[in-house]
Amino acid sequence: MDGRPRLGPEKNTATVRPFGTWPLDVDEANSVLACGDYGLRLVRHHRRTWLVGEGAGSGIPLGTRPTWSQLYRMLIRLRSTRRIRDRTWLARLAASLDPRTISTNGGPPDREWWRLVEMVGADPILRMHCATLGTGSGRGAAPAFHEPLPAHPDFPGGTLAVTVPAFLETGSALPAGLLGEVLSNRFERQQNALHHFLEHFVRPPLRAFRLVLENSRSLLLTPRADTLAVELSPELQATGRIVFTPSVGVREANRVTSGEVRKGMRALARTLDTLAGAFERLDSRGDGLRPGEVRSAVHHVVATELRDLEADSADVLSGRHPLSGFVHTVPAEQDELLRRVLHTVQERTRARRWHRDVPQPMVVIDLASCGLVTPDSSPRRRSVGTVPGDPRASPLPLGPSWSGTVHSGLPRFVWDVRDAGGRVVFCVSGQRDGDRVRRVLDETGVPEADLIHVPEPTVESLAGWTVRRLRELGHGEVVAVFDDGFAAELRSPVDPHGAFVVALSSGRRLPRQRNGSAEGLLAARAGTGRVPAIDSFETSPRRRPERRHPVLSNTHSLEELQVAALRENRSAQRWAVRLSGSETEALVRSVVDDADSAAERTARGALSRFAVHEADNSEQRRYRTLGALHHVFTRKQFLKGSRSNYVLADMLRDAGGPVARGEPIDVVLLGFPVKQSLNRLKAYGPLPDIAELGGLVRLRELQQAARRVYPPGLRINVLTDGRHFRPRPGSLTRAYTRKLGEYAELVGLDGSVSIREIDAVARERLGSAVLSRRPELFRSFRSSLERAVADLDITDNPLRTLDRVQERAERWEGASERGTARSLGLFREMVMSMVYSVPVPVPAGADRLGWARAVYADVYNLVDTHISPETRQARVAVLRRAWHNAIRYLSTMRVDEELGYEELFSPRIRLTVSAVTRGRCGFTYLGGSGLLPWQGTGVLDTRGYVAVDFAVSLIDQGFVPAYSPLLGRRQPLMMVPAQHTEPLPRGSRAEGTRLDVGLRSRARLRRR
């Protein structure tokens, strides 16, 4: 032997030396590169070594005396991974990294171990975060080299497992240890080392622990550090999975004793402590983290992963152990009750939109009934660095006159009531300092709410007295009362006026039901009879039926999501689907063919119903044709809103003339401005995806159905407004529109569908003279609106400021400023919409998605003393940008009205994709979706429907990205459910997973 490390595939290598900063032998390295199918090689030139080949341009210098570490880091920079799996190579590399022998330490694996192996292999979410060692095919002898199973799809060259002790060990060869080497090899260079460490080494064991426990065949793990391994690629890159060895303790969760639970949780806590300590020692070399920052960040991940557990799982972990303060669940009965209250508020608000005499729905809460719950437990006020459920957190005092804190989840619940159109009234008795109470509520994150003092003494409960007074004054309709005293007196879940009455547990945790039954919670408090009781105001961030299978959120706004409580799943990116060109074509063809069949059925039904071909004369035929067209436009797959908004008389008005002349009918609608991807919470990237493609197919379906009824068909004019209402880079809108054009050609839209910028169409139809007035009108309207709100500051109690704008609009006087009053009436809603579609300032080194989640966790809360100055500054920037964008948007709307943009085409059928009004036909691009295609991320759901949802919710639910040649590798074409993906066979050189053929073949648009 010549002393050099022998890591190549040569069969005659007898020994393997420990990994270190070995000198790089060019011939040996070229053998490794060739056998790995990297498409790269090394050359020597002028005493220097150069890396040349695929992606290396004219060559990358490695210096005069390069090392293997340098070569690996360069491969990572070039995104080059080994494509050929060689067990000999992997075994030798594994042995050089970890000389320890992985064994069962106690005989052959038991039945529970094989259950775990089967579970990991079968569960598509679980296998993203963990793997097991061995073949998993039976209980026979293990192979000499233990490969992580199932195979990782992002590394076709195979992976290897290094035990945690070896991974964290340091020495003279690797002063920073293998952990430091792997952190240096990360290609997510914009991601700081701490975040990479958390996502690749801390979150995986926690996520795997929770998923194994919550699996329908639940198991409890005892993950000691010496029974775990870290999965690495041949380039020494972290894959994001933890590897369980046969030595890990596995027990049936429904049969464990309290001692076994303590043992398992202590093992998990020690493992996390070991990992955190290793990173702290590594960081002590000068990365500049603050003291305690690593531990705080680890605690935050622990809190996130052990939050909102299933009731059975929380019951298993409810004993005394080091992580007991992080174990959290929301009882199903409490979640159902609070959602019922919110649903009632929404229904009453919906009725108020059509009948203004309907009183505003109100919720009354007695502050004295709220227990001493730490404000940190509120999901709406938590930020990066705070730890939900931390038992060391202390309550926030209200002063000598009244001591206590709001219930956990109260800020979020108050916000949800307000967002649903309701009003919250707090009641407090005696001579307590109202300003002090108000200040504490503000600091705790409770949105602006009414505070009523109740005189003492009174024979009624506080809430009972408040409800009676509110009803006497006629200020609103009380739909729910949260008060212990009132509940005890009433002994009924509903008061005589029909309001829910709910008791609060005053901070005492109610008993959980191991079988998940509803018994116990509804009658847990003595003396309340059938009155329901809740432990807190928390609701689950995900609906109960959604917990087992990924589903869409069906929300209209990010306001409806508990953004901070949704879980991240960065491992999904490595398990992405890679569609081929032919697979993409087959999927699109399936959607188009189904839409064409639906168009045929719709037209056949319309012709049959109105007997168009049996008309006796031209006038009767014209009338019946218009009736059939009205039937087409108001089918469920096309219609948004109620059919009563667009009746047959409206169709006669809009299309009677063209039909009489035998001409195509003009149809006008807005659409496809630009993808809302600025904060990454809504959309993955800036280009149109399958949601927009599906929207174009819907237009094709409408056109096909109309032509079968009326052969001249429709002239569909889609007016885009990507730069009309707010400034955006021309390169962004051009790229978006260019890709739309490719989609239009792909789905077979002919020249009868036009997609053009609204200002370009206005210039043609109104003329340059009319448009030349636009700048002056815009300045005038904007100045008028700015003057109307000049004394208001959105960063000074944002919600109160927006309410003041609304109040000002309601009492605005002066006929000459009627337009300003109308704009003010829309201002609050416009700002709250703009807030979620403006760019978020991201600090250097911060993860964009994680940072956006922290900012939007409670974007209107600027007084929280627990958030960092950077978070507060980002929220201020978001609010101010939204304020100014709203002014610009509303001013542009007034200019459009003044110049006659609404009548660019006349006569025409005006389709509206947002708020539906009388005389306009509501239209939905994707059928049944509350979002427009460009407002979120395209998705193929479990039924095969093309839909759209927010990216942050899809990630939480267990959808994975699917990439296609249509958009390349930088943005997915769609998200798909993980259970409909299949790993490629071991040994395949391709990356990623495959989409289930059955799901792909039934891809279609939703009919309702």
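For the single chain, residues carry numbers from 1 onward in sequence order. This one's a predicted model, so the numbers in the text were calculated from it and none came from an experiment.
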Query raised in the report: Where do Val913 and Thr924 land on the side-chain contact (heavy atoms from CB on, under 4.5 Å) test, with the steps shown first?
Result: CA-CA 6 Å; Val913 297; Thr924 174; over 6 Å; no

Requested in this report: State, to 0.1 Å, how close Leu648 and His630 come at their nearest heavy-atom pair, and which atoms those are.
Outcome: N-NE2, 3.5 Å

**Report entry** N-O pairing of Lys739 and Glu742 below 4.0 Å
**Finding:** yes

Query - Between CD on residue Glu786 and CZ on residue Arg779, distance to nearest 0.5 Å - result: 12.5 Å

Query raised in the report: Distance-only, no hydrogens or angles: does the Lys675 side chain make a donor-acceptor pair with backbone N or O of Gly936 under 3.5 Å?
Result: yes

Query raised in the report: Which atom pair, heavy atoms only, marks the closest approach of Val718 to Leu670?
Result: CG1-C, 4.4 Å

Query raised in the report: In terms of ring plane angle, is the pair Phe725 and Tyr889 parallel, tilted or perpendicular, where the classes change at 30° and 60°?
Result: parallel

**Report entry** Val976, Asp941, Val948, Val939 screened by side chain to side chain contact (heavy atoms under 4.5 Å, CB included) with Leu954, the one that passes
**Finding:** Val939

Query raised in the report: Below 4.5 Å, heavy atoms only, C-beta onward: do Tyr836 and Gln676 meet side chain to side chain?
Result: no

Query raised in the report: So, do Glu701 and Asp596 sit near enough that their side-chain heavy atoms are less than 4.5 Å apart?
Result: no

Query raised in the report: In terms of side-chain geometry, is the basic nitrogen of Arg894 or Glu897 positioned less than 4.0 Å from the acidic oxygen of its partner?
Result: no

Report task. Please examine the side chains of Leu999 and Arg1002, heavy atoms only from C-beta on, and report whether any two atoms are closer than 4.5 Å. Result -> yes

Query raised in the report: In terms of heavy-atom contacts, does CD of Gln620 have more than 12 from other residues, nucleotides or ligands at under 6.0 Å?
Result: yes

Query - Arg340 CZ: over 12 foreign heavy atoms closer than 6.0 Å - result: no

Query raised in the report: Does the side-chain contact (heavy atoms from CB on, under 4.5 Å) test come out yes or no for Leu561 and Phe950, once each step is laid out?
Result: CA-CA 10 Å; Leu561 296 176; Phe950 295 125; 3.7 Å; yes

Query raised in the report: Within 45° of the axis and under 6.0 Å from the centre of the six-membered ring of Tyr945, does NZ or CZ of Arg1004 qualify?
Result: yes

Query - Heavy-atom pair with the smallest gap, counting every atom of Leu678 and Pro839 - result: CD1-CD, 3.5 Å

Report summary line: d(Arg601 CZ, Gln637 CD) to nearest 0.5 Å is 8.5 Å

Query raised in the report: Got more than 12 heavy atoms from elsewhere within 6.0 Å of CZ, Arg804?
Result: no

Requested in this report: Please test Glu757 against Arg734 for salt bridge (charged side-chain N to carboxylate O under 4.0 Å, His left out), starting from the C-alpha separation and ending with a verdict.
Outcome: CA-CA 10 Å; Glu757 286 190 357; Arg734 285 193 297 272; over 6 Å; no

Query raised in the report: Would you find a donor on one side and an acceptor on the other, under 3.5 Å apart, between the side chain of Arg621 and the backbone of Asp616?
Result: no

Query raised in the report: Yes or no on side-chain contact (heavy atoms from CB on, under 4.5 Å) for Met974 and Leu579, after CA distance, side-chain angles and deciding distance?
Result: CA-CA 11 Å; Met974 59 186 175; Leu579 294 170; 3.8 Å; yes

Report summary line: Taking every heavy atom of Ser891 against every heavy atom of Ile887, the minimum-distance pair comes out as OG-O, 2.7 Å

Report task. Kindly indicate whether a cation-pi arrangement holds for Arg774 with Tyr901, taking the cut-offs as under 6.0 Å to the six-membered ring centre and within 45° of the axis. Result -> yes

Query raised in the report: So do Ser677 and Pro686 actually touch side chain to side chain, heavy atoms under 4.5 Å?
Result: yes

Query raised in the report: So, do His980 and Phe959 have ring centers that fall under 6.0 Å from each other?
Result: no

Query raised in the report: Does a side-chain N-to-carboxylate-O contact under 4.0 Å join Asp594 and Arg1007?
Result: yes

Query raised in the report: So with a 6.0 Å cut-off around CZ of Arg881, is the heavy-atom count from everything else above 12?
Result: no

Query raised in the report: Hey, does the side chain of Thr720 reach the backbone of Gly722 with a donor-acceptor pair shorter than 3.5 angstrom?
Result: no

Report task. Keeping the roles fixed (side chain from Arg352, backbone from Val358), state whether a donor-acceptor pair exists under 3.5 Å. Result -> yes

Report task. First locate atom CG of Asp666, then atom OG of Ser906, and finally report the distance between them rounded to the nearest 0.5 Å. Result -> 9.5 Å

Query raised in the report: Would you say the ring centroid of Tyr925 lies under 6.0 angstrom from that of Phe672?
Result: yes

Report task. Could you go through the salt bridge (charged side-chain N to carboxylate O under 4.0 Å, His left out) check for Glu692 and Arg698 one step at a time? Result -> CA-CA 10 Å; Glu692 281 90 345; Arg698 181 69 82 204; over 6 Å; no

Requested in this report: Check whether any side-chain heavy atom of Asn717 lies under 4.5 Å from a side-chain heavy atom of Val667, and answer yes or no.
Outcome: no

Requested in this report: Working to the nearest 0.5 Å, report the span between CG of Leu931 and CG of Leu558.
Outcome: 8.5 Å

Query raised in the report: Do Arg348 and Glu477 have side chains that get closer than 4.5 Å, going by heavy atoms?
Result: yes

Query raised in the report: Can we say Arg773 and Glu776 salt-bridge, meaning some charged N sits less than 4.0 Å from an Asp/Glu carboxylate O?
Result: no

Query raised in the report: Can you find a heavy atom in the side chain of Thr584 that is under 4.5 Å from one in the side chain of Leu973?
Result: yes

Query raised in the report: So does Glu764 pair up with Arg756, basic N to acidic O under 4.0 Å?
Result: yes

Report task. Assess the side chains of Tyr743 and Asp689: does a donor N or O sit below 3.5 Å from an acceptor N or O? Result -> no

Report summary line: Closest non-hydrogen atoms of Pro712 and Gly662, given as atom of the first, atom of the second and distance, are CG-O, 3.6 Å

Requested in this report: Determine, step by step, whether Ser784 and Thr820 satisfy the side chain to side chain donor-acceptor pair (under 3.5 Å) criterion, reporting the C-alpha distance in whole Å, the side-chain angles of both residues, the deciding distance to 0.1 Å, and the verdict.
Outcome: CA-CA 7 Å; Ser784 175; Thr820 301; 2.8 Å; yes

Requested in this report: Please determine if Arg910 and Glu903 form a salt bridge, counting it only when a charged side-chain N lies under 4.0 Å from a carboxylate O.
Outcome: no

Query - Leu669 and Ile909: CA distance, side-chain angles, deciding distance, side-chain contact (heavy atoms from CB on, under 4.5 Å) verdict - result: CA-CA 9 Å; Leu669 72 163; Ile909 298 176; over 6 Å; no

Report summary line: Closest non-hydrogen atoms of Ala886 and Val831, given as atom of the first, atom of the second and distance, are CB-CG2, 3.6 Å

**Report entry** Nearest-0.5 Å distance, SG of residue Cys921 to CG of residue Asp654
**Finding:** 9.5 Å

Report summary line: Distance col, row Arg765:CZ vs Leu771:CG, nearest 0.5 angstrom, shows 13.5 Å

Query raised in the report: Salt bridge between Arg828 and Asp803, side-chain N to carboxylate O under 4.0 Å?
Result: yes

Requested in this report: Decide whether Arg708 and Gln704 meet the rule of one side-chain donor and one side-chain acceptor closer than 3.5 Å.
Outcome: yes

Report task. For residues Thr937 and Asp949, determine if any side-chain heavy atom of one lies less than 4.5 Å from a side-chain heavy atom of the other. Result -> no

Report task. Using the six-membered ring wherever Trp is involved, compare the ring planes of Phe610 and His631 and label them parallel, tilted or perpendicular (cut-offs 30° and 60°). Result -> perpendicular

Query raised in the report: So with a 6.0 Å cut-off around CD of Glu663, is the heavy-atom count from everything else above 12?
Result: yes

